[in-house]
Colleague: 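Starting off with a structure, shown below.
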2 protein chains.
Amino acid sequence: MAKAKRVLKWQRDPEGMRLRILEAAKAEFATHGLAGARVDSIAKKAGANKRMLYYHVGNKEDLYLEVLEGAYEKIRAEERGLDLEHLEPPEAIARLIDFTWNYFIRNPEFLALLNTENLAKARHLKRSTKVKSMHSPFVEMIRTVVTRGVKSGDFRAAVDPVQLYISIAALAFFYLSNSATLSVIFGRDLLSKDARDERLEHMIALVLAALTGKSIAAFGKSKAPKLQVTAQQAV
Amino acid sequence: MAKAKRVLKWQRDPEGMRLRILEAAKAEFATHGLAGARVDSIAKKAGANKRMLYYHVGNKEDLYLEVLEGAYEKIRAEERGLDLEHLEPPEAIARLIDFTWNYFIRNPEFLALLNTENLAKARHLKRSTKVKSMHSPFVEMIRTVVTRGVKSGDFRAAVDPVQLYISIAALAFFYLSNSATLSVIFGRDLLSKDARDERLEHMIALVLAALTGKSIAAFGKSKAPKLQVTAQQAV
DNA sequence: CCGGAAATTAACCCGTTGGATAAATACTGT
DNA sequence: ACAGTATTTATCCAACGGGTTAATTTCCGG
């Protein structure tokens, strides 16, 4: 009877199963893209059966969309916890950059998912009702910081918050998302601790120098590490 | 005899065929990624037969690598024609940004290919002998511009040319590569003529303001359109 | 304790896809 | 001309992969 009885049958756990499926799917889609992802592989990783995916979520594309929406929800949630209102404008921008950078580092699948979705020309995102509704009041948050900075004299000129946000995301996103090819091209490991610190410093220096007019050298060394926004995990 | 004789048999054209295959492959890989690309589809688009791909290039991955190498060669070639040496440092940087931006716009497949390769963790690029040897003397070109700018007093502080190059590429790359999702999120068409002009202006303003210390507003409106670097096609 | 719904498994279906084989056709040098 | 090679076409196939069907097991309300 020792081995004979198999593994105590199985237990029911719909919610848990659903989560495990989505988690496994996120990993799979992130590493292989939409077309490269294998449904069977997701099932196995989730400790499930292929049929379960269809039972709990839907077909491959539904699954993918759900994963994508989840990813957006997660970052937006963390962003909301940033509250830049109570910081001096330059500090606020620095914190935003720091957060964005570290979020991307902590969640590499997010980068991959976005790239995958853009390869698909945002085909899935377009048909998503959820995501469209959550276009963050984040832009407003940034707009406030910028105008506040201009008034206080910290910033020299107003900047379109959308442009600024995209630029900040760009500086971090591109570096991390393309670190593999860039590392080969430039022959240096761009993901080493030192390289990452240097990059964060550079980004903050670049943006703040542009906004404040102070020398790009004024934002060196000390700044970045100090304000480490690790932001409470929002899940 | 009018229709009977078919289409005059066929003509031999190895080089032409090879080019058509690579061109078709570039388009296919760019739109569907590596896993999503279909060999048959490439063949059809090239006006060829699947067997031809294997005959002239090799299997799917070989084909992909060749396309990727070609893409790198092309941009490096155009970059070489930029000669920033004869420009005032700020002009040189502006021109570099302008060129990068317009190159990306003219060659959207390049962006997609890079993303695809990064999804694959640069697996193919690593085993490429060609690409590694051509890591542009481009970095040196930029380094020269920067140090020249510092000496002349145009720039306030020296910046690591690699960081600067990555940042410039980032500002353009991310915006264009992610325009699909960003457009959905922000609810505006980021690829309209106006939006593109605005973006170019913003990028130049941001980088030059950071480097020179002049107000971010000083680089408005007029600058960008004037120096249109369309760069002679290098193929 | 039992009947039925919910959850899970095992097995199969069938179009697709990368790749291979073999035969046909054009071209080249001699 | 003609042999030999380079190029191209026409089929074929085994594996894969998404999706489905049907049977099995757990659980919950009455």
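In the text below, chain A, chain B and the rest are named by the order of the sequence lines, each starting its count at 1.
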Colleague: Please evaluate the base of dT26(D) for a donor-acceptor partner in the side chain of Arg12(A) within a cut-off of under 3.5 Å?
Modeller: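 A donor-acceptor contact between them is present.
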Colleague: Give a yes or no on whether a salt bridge exists between Asp98(B) and Arg196(B), defined as a side-chain N under 4.0 angstrom from a carboxylate O.
Modeller: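 Answer for the salt bridge query: no.
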Colleague: Quickly work out the Gln11(A) CD to dC27(D) P distance and round it to whole Å.
Modeller: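 It is 6 Å, rounded to the nearest whole Å.
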Colleague: Measure the distance from CD1 on Ile21(A) to C1' on dT8(C) and round it to the nearest whole Å.
Modeller: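 After rounding, the gap between these two atoms is 11 Å.
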Colleague: Ignoring hydrogens and angles, state whether a donor on the side chain of Asn118(B) or Ser177(A) is under 3.5 Å from an acceptor on the partner side chain.
Modeller: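 Not at all, the side chains of Asn118(B) and Ser177(A) share no donor-acceptor pair under 3.5 Å.
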Colleague: Tell me the interatomic distance from Asp13(A), atom CG, to dA7(C), atom P, rounded to whole angstroms.
Modeller: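 Checked: the CG to P distance equals 10 Å.
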Colleague: Closer to the 5' end of DNA chain D via nearest nucleotide, is it Glu15(B) or Asn49(B)?
Modeller: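 Final value for this comparison: Glu15(B).
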Colleague: Assign Ala37(A) to base, sugar-phosphate, or nothing according to its heavy-atom contacts below 4.0 angstrom with the strands shown.
Modeller: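 If one applies the 4.0 Å heavy-atom cut-off, Ala37(A) turns out to touch the sugar-phosphate alone, with no base involved.
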Colleague: Report the distance from atom CG of Leu65(B) to atom CG of Leu125(B), rounding to the nearest 0.5 Å.
Modeller: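 So the gap between those two atoms works out to 7.5 Å.
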Colleague: Measure distances between side-chain N and O atoms of Lys60(A) and base N and O atoms of dG19(D), and say whether any donor-acceptor pair falls under 3.5 Å.
Modeller: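 Donor-acceptor pair under 3.5 Å: no.
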Colleague: Whole angstrom is fine here: how far is it from CD in Glu61(A) over to C1' in dG17(D)?
Modeller: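 For the pair Glu61(A) CD and dG17(D) C1', the rounded distance is 14 Å.
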Colleague: Does a side-chain N or O of Arg38(B) approach OP1 or OP2 of dG18(C) to a distance below 4.0 Å, or not?
Modeller: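 Yes, because at least one side-chain N or O of Arg38(B) sits under 4.0 Å from OP1 or OP2 of dG18(C).
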Colleague: Around atom NZ of Lys132(B), are there more than 12 heavy atoms from other residues, nucleotides or ligands closer than 6.0 Å?
Modeller: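 Yes.
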Colleague: Tell me whether Lys26(A) is salt-bridged to Glu23(A), with the criterion being a basic N under 4.0 Å from an acidic carboxylate O.
Modeller: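 Between Glu23(A) and Lys26(A) there is a salt bridge, with a charged N closer than 4.0 Å to a carboxylate O.
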Colleague: If you check the Arg51(A) side chain, which of dA10(D), dG19(D), dT21(D) turns out closest?
Modeller: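 Closest nucleotide to the Arg51(A) side chain: dT21(D).
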Colleague: Please state how far atom NE2 in His32(B) lies from atom P in dT17(C), giving the value in whole angstrom units.
Modeller: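 These atoms are roughly 11 Å apart.
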Colleague: Please state how far atom OH in Tyr54(B) lies from atom C1' in dC13(D), giving the value in whole angstrom units.
Modeller: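 So the OH-C1' distance, Tyr54(B) to dC13(D), works out to 13 Å.
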Colleague: Under 4.0 Å between a side-chain N or O of His56(A) and OP1 or OP2 of dT8(C)?
Modeller: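 The answer is yes; a side-chain N or O of His56(A) sits under 4.0 Å from OP1 or OP2.
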Colleague: To the nearest Å, give me how far apart OH (Tyr55(A)) and C1' (dT25(D)) are.
Modeller: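 Roughly 13 Å, once rounded to whole Å.
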Colleague: Which nucleotide in the list dG19(D), dT20(D), dG18(C) gets nearest to the side chain of Lys50(A)?
Modeller: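 Output: dG19(D).
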Colleague: For Leu53(A) and dT21(D), what is the distance between atoms CG and C1' respectively, to the nearest whole Å?
Modeller: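 Value for this atom pair: 16 Å.
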Colleague: By nearest heavy atom, map Met52(A) and Asn59(B) onto DNA chain C; which one lands nearer the 5' end?
Modeller: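 Residue closer to the 5' terminus by nearest nucleotide: Met52(A).
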